[in-house]
Every structure is written in structure tokens, then in C-alpha cells.
Protein chains: 2
Amino acid sequence: MAQKNILQFIILGLINDHPQTGYELTKSFDNDIGEFWSAKHSQIYPQLKTLEEKQYLTHTMEVSGEKLERKRYSITPAGQHLLTAWIAEPTINQTNGKDEFVLKLYFIHDQTDPRLTTMLEEQLQYHTEKLTHLKNQLSKKFPDGGDPANFGHYLILSHAVSRETEYYDWLNDALKQI
Amino acid sequence: MAQKNILQFIILGLINDHPQTGYELTKSFDNDIGEFWSAKHSQIYPQLKTLEEKQYLTHTMEVSGEKLERKRYSITPAGQHLLTAWIAEPTINQTNGKDEFVLKLYFIHDQTDPRLTTMLEEQLQYHTEKLTHLKNQLSKKFPDGGDPANFGHYLILSHAVSRETEYYDWLNDALKQI
DNA sequence: ATAAGCATGTAAGAGGTTACATGATTTC
DNA sequence: GAAATCATGTAACCTCTTACATGCTTAT
């Protein structure tokens, strides 16, 4: 989508926590934050380059073994300023939740349509697995509930859990009504 | 996003219900289906053209008043076939739910951060309004619960309601924990 | 008359995915 | 030695938004 380049802020936010390489950033999107934003390495590396050109980031080279090079990026004061401004600014753009599956259902008008059960059960299986995985994550990372020193991380994970719970419940409700 | 062109299927699905103009299709995305997919007229008109070139749609001209022309599109058997195939095909691509606000929270580590309350309350207001609007829609369109002849429509709306309910509850929970 | 809504299109540019491309290091 | 993983980048292509552009019709 031709949006406002939110990726740059996410990268700044992640690096602000601690200096990181492009590779490490890429993997962040496989974890919790991937529940609410995704990006591939092909998008991340050019973005790092741009952010450095604009002096929001700097990097130092590291070497593994004999030859393997790695760029470890750190945030600059200007970068921190940009990040803070983004967080402070009211979030108006409700990034719209696209969901292909729900749309498919929309085009099935008849409650007795034979396709419904299969479709709903297929999704139920997927979301059941996802839900248990997220619940495991939550109890593993925050066994005692909200950690005051990692509150944002806790909030994002608990939101992911309740979002999946809702999806799960909705699918079950729908199945019951058939 | 360089995805699989899902918009074409949505257009086919909407037109399959009854012949429509580009203008009317555009307005569909302001209603319930807009909760799960959005598109602007600048994307819809070219897509209609392409779908007609591929013979999934045909159109007839209508005239309003003296001069104002309107293209009313109908689906062809080939178009219906394509639509059915899309619905039948398992939905794997979990179109990821991007949420700028949740990410901002993620970068606030400290539970006592003074920004948290304002941010959460701002969102709470937005989602409260959205939730009441959706609930009104639901009770207006489906006063007796699931309509067997419009089950898909019912499902999508009830999903939107419970999704917003979850968001609302999560925001309130977060506020309580501060 | 004039503003709001009807109606259809195109152009430029940003965001995002898939595929191409290469090479090093670690683990089995 | 082979496979998995680490590590960085580019190219082609598609999707989507914003802005440009035009003209008609209805309601006030």
C-alpha cells in the first residue's frame, strides 16, 4: 500500500532498543510484532540504507569467522527524535484489517450451503493452532502477567491472544448456527 | 501489497449478486465489507476494464437525465466460474493484520510511561464509537439474529462487531493495568 | 445559482512481494 | 560433504493511495 512508510519507524524502534543487523531485524517480524506488521528482508535492507543516508542510523562493521561481514546499526539522536515524534503523534490512519476468508463467506448467502462447514472448520483448525501457540508464548514470556518493564511487549502479545480468541469463538459460533 | 489480486474476486462477487456500476461498487467498500477490505474508485475502474477484457464481465450503457452515462456490469458464466473457484480454494494466505497503534505501544517499555494513558484513551474513544455504530448496523440489518438467506452478510457483520468488542475490552484492560 | 452528490476515468509514485544472486559459517 | 542457517543485496512486478481531470444531476 502506498502508505506513510511506517516500516521506517518500526526499524528505528527496534534498533532503539539495542543495535541490530538487518538479518536480526528481519527475524523480528517472525515473532510477536509479526502479528501486527510484516516485512521481508528485501524491504528492510534498502530502508536501512535510506535511514542511514538521512542520518537517523549509523552502522559499524563486524566480522564473523574469517570473512563474513555484518552491519550493526545504531540509532542516532535524530533517529530517536523521529521515533519519539511518531509515537507522540495521534494515530488516525486505521490501517484496515484485510481478511480474505471473511470475504469469501460474505459471498455465500445461503445458510445451508454445503461449502460452509468445510470452510469454517479449515479456518478453525488454523486458528486453534495459532491460538495455542500464542498462549504458550504469553505464559512463557509473561508468566506473572504484565511485566512493568516490558509493558508494551506484554500488551501486544495479550492483544494477539485475545484477537485470536475472538476469531476462534466467532468460528465456533458460526459452526453452531449451521 | 503485491498480492494475488483479491480485489477482482470481490468485484465479481458483488456483481454476481446483482449487476452494478463502478460507482456503486466503490460505495460497497464504505459499508460492511469495508471492515475487511477497502478499495478506491481509481483501482476499481481499471479492474472492471480488465475483467471485461478477460470476458468475466460485460456491460450495458444506461443514461440518466439527458447525458449522464453509466456502465452497468454483469457477470458472465466464465466470471461465475472464476468466483466459485476462488471461494472453493482453501484460504492459506493469512492476510496479516497491520496495526500502527499497537506497534507504537510495543515501543513503550515502561508501564508508568506518561504517554500511555492518553494514547489508550484516544483509541478507546475511536473504538467505542466504531463499536456502537457496528452494533446499530447489526441490530438494524439482522434484528432476529442470523438470516438464513443472508448468512454470509450476517457472519461478516457479527465478526466485525466481535472484533471491535475485543479491541474495546483489550484497551480497557490495558488502562486498568496502568 | 451553488453545493453536494453522481459518474468515470488517468497519472505518478510509494509500498510490498517474489524471485534472482551470491557467498560464508555452523551443524550433522 | 551436505544441509541448514547466517548475511546482504538487487530487479521485476504488482498493489494501492493520492492527486489530477472532467462533466452531469439533484436538492436547497
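The chains referred to below are lettered A, B, ... by the order of the sequence lines, with proteins before strands, and numbering in each begins at 1.
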Any [X] side-chain N or O less than 4.0 Å from OP1/OP2 of [N]:
X       : N      : result
B:Lys4  : D:dC14 : no
A:Gln43 : C:dT17 : yes
A:Lys71 : D:dG9  : yes
B:Lys40 : D:dT18 : yes
B:Tyr23 : C:dT8  : no

How long is the line joining [atom1] of [X] and [atom2] of [N], in whole Å?
X       : N      : atom1 : atom2 : result
B:Gln8  : D:dC16 : CD    : P     : 11 Å
B:Arg70 : D:dT25 : CZ    : P     : 10 Å
B:Glu69 : D:dT22 : CD    : C1'   : 14 Å
A:Tyr45 : D:dT10 : OH    : P     : 11 Å
B:Asp30 : C:dG5  : CG    : P     : 12 Å

> When we call it a touch if two heavy atoms are under 4.0 Å apart, what does A:Ser42 touch: a base, just sugar-phosphate, or nothing?
Replying inline: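 Base contact.
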>> Pick the closest DNA chain C nucleotide for A:Ile6 and for A:Glu66 by heavy atoms, then say which residue is nearer the 5' end.
In response: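 Per heavy-atom nearest nucleotide, the more 5' residue is A:Ile6.
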> Pick the nucleotide of DNA chain C nearest each of A:Gly65 and B:Glu24; which residue has the one closer to the 5' end?
Replying inline: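 That would be B:Glu24.
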Proximity to the side chain of [X] - top-ranked nucleotide from [options]:
X       : options                : result
B:Lys49 : C:dT10, C:dT8, D:dT10  : C:dT10
B:Lys98 : C:dT10, D:dT15, C:dG16 : C:dG16
B:Lys27 : C:dG15, C:dT10, C:dC6  : C:dC6

Determine the interplanar angle of the [X] and [Y] rings, folded into 0 to 90°, and report it as parallel if under 30°, tilted if 30 to 60°, perpendicular if over 60°.
X        : Y        : result
A:His159 : A:Phe36  : parallel
A:His153 : B:Tyr106 : perpendicular
B:Trp86  : B:Phe9   : parallel

> Does A:Thr165 reach the side chain of B:Glu166, with side-chain heavy atoms less than 4.5 Å apart?
Replying inline: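 Side chain of A:Thr165 against side chain of B:Glu166, heavy atoms only: no contact under 4.5 Å found.
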